[in-house]
Structure formats: C-alpha cells, structure tokens
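All remarks here apply to the structure that follows.
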Amino acid sequence: MLLTNRLKLAVANVLKNNYQFEINPDEILISDTKPEFEGDYTLVTFPFSKPLSKKPDDLGQEIGALLTEQNSWITSFNVIKGFLNLVIAEETFVHFLASSSAREIAQMEGRTEKIMIEYSSPNTNKPLHFGHLRNIFLGAAVSNLYKKCGFDVIKANLINDRGIHICKSMIAWMKFGNGATPQSTGVKGDHLVGDYYVLYNDTFKKEVEAMVTQGIEKEVAEKTAPILLEAQQLLRKWEAQDEETIKLWKQMNDWVYAGFDVSYQRLGVSFDKYYYESNTYLLGKSIIEQGLLSGVLFKKEDGSVWVDLTADGLDEKLLLRGDGTSVYITQDIGTADLKYQDFQMNQSVYVIGDEQNYHMQVLKLIMQKLHHPGADGIHHLSYGMVELPSGKMKSREGTVVDADDMMDEMKQMAQKNTEELGKIEGFTEDELQELYQTLGMGALKFYLLRVDPKKKMIFNPKESIDFHGFTGPFVQYTHARICSILRKAGAIPEAPTTYVHMTKAEKKLLQLTEQYEQVLWQASLEFNPANLCNYLFNIAQHYNSFLPNHPILKAEDEAIRNFRLHLSRLVKHILADGLLALGIKAPQRM
RNA sequence: GGCCCCGUAGUUCAAUGGAUAGAACGAAAGUUUCCUAAACUUUAAAUCCAGGUUCGAUUCCUGGCGGGGCUACCA
C-alpha cells in the first residue's frame, strides 16, 4: 500500500481508538514535509482542533507520540505550529526499493471499466496545425494513462469530412487546380487540399472587395460572392449524391487522409475506431422522434423541434429544423448513440476545445433528459486554445503554425543542439536521425502537455521551444545519464535489504519514487497529464542534484554502491515509463 | 445585453483551504584532473483592486477593473 495511505489509516486509527473520533481516512490531509523542516510527511492537525477541543500543537504532540508508539515504521516526529512532521523509517524505503526492483514498476491494480476517448477529430479541408497538436497529445496521453490504470480504452477519431468547408477547397480546386494531385505536384495531400482552401478564401476576399468598389454593401457581398454561391451549390449537389461531386469529394478526402496518416505516424499516435460525419450526420433524428413522444422535447408551430433547457440555466435549443433537416447537435446526439451501441462504454470522453463548452454541456443534458444509457458517462475534456503572442491562430489569415513544419523545426533544433554539444560520436547516421526525432518530439509533446489542459496557453514561435529546464529533453537527458551509469556498472547484485546511512537526498528520491503510482492515478482521474510532467521533471531534477555529491561507481563501499545503483535504476524505470505514458520516447544515449 | 472561463516574478508555468507562494526561461555570480556541463550551486524578482467567510485564502463568496470564449433553423 502507498505510504500516504498507510499514514492516513494510522492517523484514523489513532483518532478512533484514542479520541473516539471517527473519520474517513481519505479526508485526512497528509503532505510532503517542506524541505526546511525535519521529516518526510506532515499531518495538518488544525482540522481536528475544534472537534476534539484541543490546541493544534498539543494534538500534534499527542498524535505524534501515539503514531510512533504504534507504528514501528514511523521513527520520530516534531511539531511546529500545529504541523506534525513525521519521520519514516529508512527500512520502509529500502523494502520498497527491493520490492520495486523485483516486480518492475507500476503494475497497476486492474480496473474493468471501458472508456472511449475521442480526440484529434480534424476537418478534411486543411492540414493539422499547432492547436490540433495539443488536442492530439492530450488525447493520446490520457488514453495511455487510462490504459496504465487498467481501463479498457478505445481511441476514437471523428472525422469531419463533409460540409461547406470541404466544398470550398473543392470548388477552388475545380476552378484553379488544372487537375493537380499530390503525385503531380509532390505536395502532401492534406497540404494540397489546404492550399486550395486558402486559395478559396483569397478569391472570396478579392470578389468581395471588387463588389464593394462597385457599390454593393459589404454584408451583402459577403453573402453573395460568386465563389461562395458556387461552393454552396456544390454542397447541395453533394447532398443530392451527385456522382461527379461525390467522386471528387472522395478523391480529395483520400488525399487528406494519406497526408494525415503520415502526420499521425510521425506524431506516434493511433486510433482504434474512426467515425465519419458523412456517415453520422443524418443520425439522431429517430432519437429525437422518441424524445418528442416521451414529451421531453417539443415542436413549434413551424414544425421545428426544440428542447427547453431554461430550468438548467440555459436556453431553448433547436434540434431539428422546420423542414425536418438536421443541425449540428442532431448529428452529435446520433453519433453519441452510435458510439454507445458499438462499445457500451462506461465513460465517453470528448477532447474538444473550450470554445465548445456550451455545446458539450447541451449535448450531455439532452442525452440525460432522454435517459440515454450513455448519457452520464459523457465527459468533455475541455482544453484552452493555443494562442500566438499576436492572438488566436486563424487558418484563413494564414497565421497558423503548421504541425508538419513544427515537427521539422523541432527535429532540426535537436540536431543543431546535439551537434553543437559534440554529442554525435558513436552513433550511426540512422541512429542520429532517430535521436533527433525522439528529442524534437519529446520537446514538443512535453511543451504542450506540461500546462493544465483547462488553461489556454501562449506559444511564441520566435522564442520557440527550449531543450533546457522544465522540458522533455531535460527528463530524457536524465534518463540517458542513468543509462550510461548502469552500462558502466555492469551486472548488478540483488537489491539491498538494509542501508544504514541514507542521505537526505537519497531518502527524498525514494520517497518520490514511491509516489509514482499515485501520480498516475491522479493524472488519469483528473484528465491532466501536466501532473505527470511536473512529477517527472521534479524527480529528474532531484536526481540530477543528487548525482554530483553521491558517487555511485566510486562509492565508499559495496553496499552504498549497490543501493545507489538500484535507486538509480528505479528512477530510470520511472522516467522511461512516465515519458512513455506521455507518448515520449526515452533514449539510452543522447 | 445574458451565460461561462481566466488574471501569480520581466516571460512561460506550479501550488487537493495549510508552514516563509514553488519551478523554468531570461538577468547576475560560481562549479568540469570526478559516473554525460542538454547538468549542478548561489543571488535578485510575483498572488489585478476592495470587501467578506475561516484558526488559516493564490484557492471559497460578493463587488469592481482587465483579457478571452459562447450566445445562428452555420458546422
């Protein structure tokens, strides 16, 4: 059992047996003792002061005495201003180290729940950009984390392959493309289609300007520009299943998918199930019919169908148009139902930007009102937008940072850094290329994952992404250093069972390693990989600062050497394992 | 207008209501005959404002100020 949980239990026992005070152990606050004080873990006694009618300081003294008396693994204590600092026996940590070495790390207790995580979910009219990367890395990391915690995870991707946006790319290609293909131009498919989307917008803008100079009002021009009308006409033809239109649509989407596949592979992410809006956009109507019958929904005079969410503090929301056609939310209701039919998962997570908070709230509410079995499991993993110092990225204005370009740039930066440091000896050219990729992606992923998903983040392309400090490469570097030491150490004897003179740094490192499993759970349940990033950086930092004054291979004696080797190996395992959960590889050498 | 989110060192981020608010980058100074200096050590530097709840508030509540999002018979 985890040490903090054991402590909570021990405290709960003392309170119950010696003070007749019953409390749920989970409600007891145990935190790491601050470095400036003596001790490993700290109990805050204030909350018990009132119910037990005792001064926090006295309470600390009493509980401290009882705890050390009743638990051999708690050796001593001190009380400062109501904070009870507890010293944990070194043997406890030594035993933990030995057991960790034996069973490898983090074999988690299995959970049987099934969880679907939908992420990426791109439009097919343009390539992936920096904002998508945050979505993709989050989705992939959360999927990994839940898998580690034993859940049955389904990674889903809902592709937005239909609608006016793809028609815009199509019309531009028809007018200006001259039959260009990825093969004929050598341009990656998603980029090629994206280029025509940009071309559409340029043309549109010019047409509007021309109309305005002719004296037409801007708002009118923006609704009647010829190329827009053509795109809308194309959408109608698509909906009417016009053969030529469908053929071109399929063709251009296939180009995009081929391009996405290349990017996904390079990003190191994959999906178990793809959904396509062209297949799902008509779903949902029958569910809405049922809702009408059961009286959850209502129909207005013009035949449109609505749900009244005013009691939940929201508005009335349209679900079906007067002519019986679907709107966006109709489709999402249908897709949610389809997903549930396919997998009957306990939780259905949507990794979607916070601009859709309202939409997702509405979706869940409607599903709940309809008593859909999957309704309560719907969870919106909402994340903040990635912004540039100049503001939001806008694909129409060409201010987006392209995902493929970003990956190239990161790899080049890794190469530049490595070469400048002269660390290329002993690698083949292939190994170097792989290393640059590993380091570049490590920096990129860590950079995007280290911030709380809820918060919007600002990315400054000029300052770009660092390889020093709180970064992926820092953690990777620490891992590589340990690997190097272990290589030189050769075969390692059995883990020690006793160790007398543990330094403060050694004990702290062990304490951190013991908390790893807890961090994984917390990061999963909170859908927050940033927790893991912080933890990994913290433990790497502690290791790096431990290293200069704790010789390992040249330790004073065999026992110390062996202990430090095992400690190092455990840290190495955690770094590699944790990075992997973030989707980051840990190189043996760098 | 209505609803929601966010304001922490110069900058980018931490801090389940708990001790003297932590890091990183940047700035200043130092460490390499020693297991990878992509590292380590030291210094300076912050909770938007005003109230309230509490033994204790960056955190919770109210009101300002500042920034963002949503609010379509668009997707």
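Quantities reported herein were computed from a predicted structural model and do not represent experimental measurements. We name chains A, B, ... by the order of the sequence lines, and we start the count at 1 in each one.
- Relative to the side chain of A/Tyr328, the nucleotides B/A75, B/A38, B/G18 differ in distance, and B/A75 lies closest.
- Stacking between A/Phe474 and the base of B/A38 is absent under the criterion of ring centres within 5.5 Å and planes under 30 degrees.
- Base engagement by A/Leu547 is indicated by at least one non-hydrogen atom pair under 4.0 Å involving a base atom.
- The phosphate of B/A24 has neither OP1 nor OP2 within less than 4.0 Å of any side-chain N or O from A/His468.
- For the pair A/Glu219 and A/Lys223, the salt-bridge criterion is not met [side-chain N within less than 4.0 Å of a carboxylate O].
- Nearest nucleotide to the A/Thr33 side chain, out of B/G18, B/C40, B/A19: B/A19.
- For A/His550 and B/C40, the NE2 to P distance is 15 Å, given to the nearest whole Å.
- Across B/A19, B/A14, B/C34, the shortest atom-to-atom separation from the side chain of A/Lys81 is found for B/A19.
- Residue contacts for A/Ser49: at a heavy-atom cut-off of 4.0 Å it reaches no nucleic acid atom on any strand shown.
- In terms of position on RNA chain B, the residue among A/Asp32 and A/Ile164 whose nearest nucleotide sits closer to the 5' end is A/Asp32.
- Nucleic acid contact for A/Asn85: base, since at least one base atom lies under 4.0 Å from a heavy atom of the residue.
- One finds no side-chain N or O of A/Ser31 lying less than 4.0 angstrom from the OP1 or OP2 phosphate oxygen of B/G18.
- Stacking between A/Phe537 and the base of B/A23 is absent under the criterion of ring centres within 5.5 Å and planes under 30 degrees.
- Judged by the 6.0 Å and 45° rule, A/Arg134 forms no cation-pi pair with A/Tyr383.
- Dashed line: the shortest gap from a side-chain N or O of A/Tyr477 to OP1 or OP2 of B/A38 is under 4.0 Å.
- In this structure, A/Leu421 atom CG and B/U32 atom P are separated by 19 Å, rounded to whole Å.
- Residue A/Arg321 places at least one side-chain N or O under 4.0 Å from the OP1 or OP2 atom of B/A75.
- The residue A/Tyr281 sits apart from the nucleic acid: no heavy atom pair falls under 4.0 Å.
- Whole-Å rounding puts the A/Glu316 CD to B/G2 C1' distance at 15 Å.
- When distances run from any side-chain atom of A/Val327 to the nucleotides B/A75, B/U71, B/A38, the shortest one goes to B/A75.
- Among the heavy atoms of the strands lying under 4.0 Å from A/Pro47 is at least one base atom, whether or not backbone atoms are also near.
- Remark: A/Lys55 does not engage A/Asp57 in a salt bridge, criterion side-chain N to carboxylate O under 4.0 Å.
- In summary, the side chains of A/Gln433 and A/Lys411 do present a donor paired with an acceptor at a separation below 3.5 Å, with no hydrogens or angles considered.
- An OP1 or OP2 oxygen of B/U20 is reached within less than 4.0 angstrom by no side-chain nitrogen or oxygen of A/Lys34.
- Atom pair A/Gln588:CD and B/U36:P shows a separation of 14 Å (rounding to whole Å applied).
- Among the nucleotides B/U36, B/G68, B/A14, the one closest to the side chain of A/Ser484 is B/U36.
- Taking the side chain of A/Asn544 as heavy atoms from C-beta on, and the options B/C40, B/C55, B/U12, the nearest nucleotide is B/C40.
- Counting only heavy atoms from C-beta outward, the side chains of A/Ile465 and A/Met406 approach each other to under 4.5 Å.
- Backbone-only contact: A/Gln541 has heavy atoms under 4.0 Å from sugar-phosphate atoms and none from a base.
- A/Thr418 comes within 4.0 angstrom of a nucleotide base, judged by non-hydrogen atoms across all strands.
- Set against B/C40, B/G68, B/A38, the side chain of A/Pro548 has B/C40 as its closest nucleotide.
- One can place NE2 of A/His359 at 13 Å from P of B/C70, the figure rounded to the nearest angstrom.
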### Message
Can you give me the dot-bracket string for RNA chain B, 5' to 3', counting Watson-Crick and G-U wobble pairs with both distances under 3.5 Å, using [ ] for crossing pairs and | for partners on another strand?
### Response
(((((((..((((....[...)))).(((((.......)))))....(((((..]....))))))))))))....

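- Counting any heavy atom pair closer than 4.0 Å across all strands shown, A/His542 reaches no nucleic acid atom.
- Between A/Arg481 and the phosphate of B/A38, there is no side-chain N or O to OP1/OP2 separation shorter than 4.0 Å.
- Distance CE (A/Met413) to P (B/C25): 16 Å, rounded to an integer number of Å.
- If you check every strand for non-hydrogen atoms under 4.0 Å, A/Ser304 touches a base.
- For B/A14, the OP1/OP2 oxygens have a side-chain nitrogen or oxygen of A/Lys455 closer than 4.0 Å.
- Nucleotide B/U54 holds its C1' atom 12 Å from the CZ atom of A/Phe46, rounded to whole Å.
- The pair A/Asp354-A/Lys456 does not meet the salt-bridge criterion, since no charged nitrogen lies less than 4.0 angstrom from a carboxylate oxygen.
- Comparing B/U42 with B/A50, their P atoms sit 34 Å apart, to the nearest whole Å.
- Within the 4.0 angstrom heavy-atom criterion, base atoms lie near A/Lys423.
- Between A/Lys488 and B/C35, a side-chain N or O to OP1/OP2 separation shorter than 4.0 Å is absent.
- Rounded to a whole Å, the CD atom of A/Glu355 is 16 Å from the P atom of B/A75.
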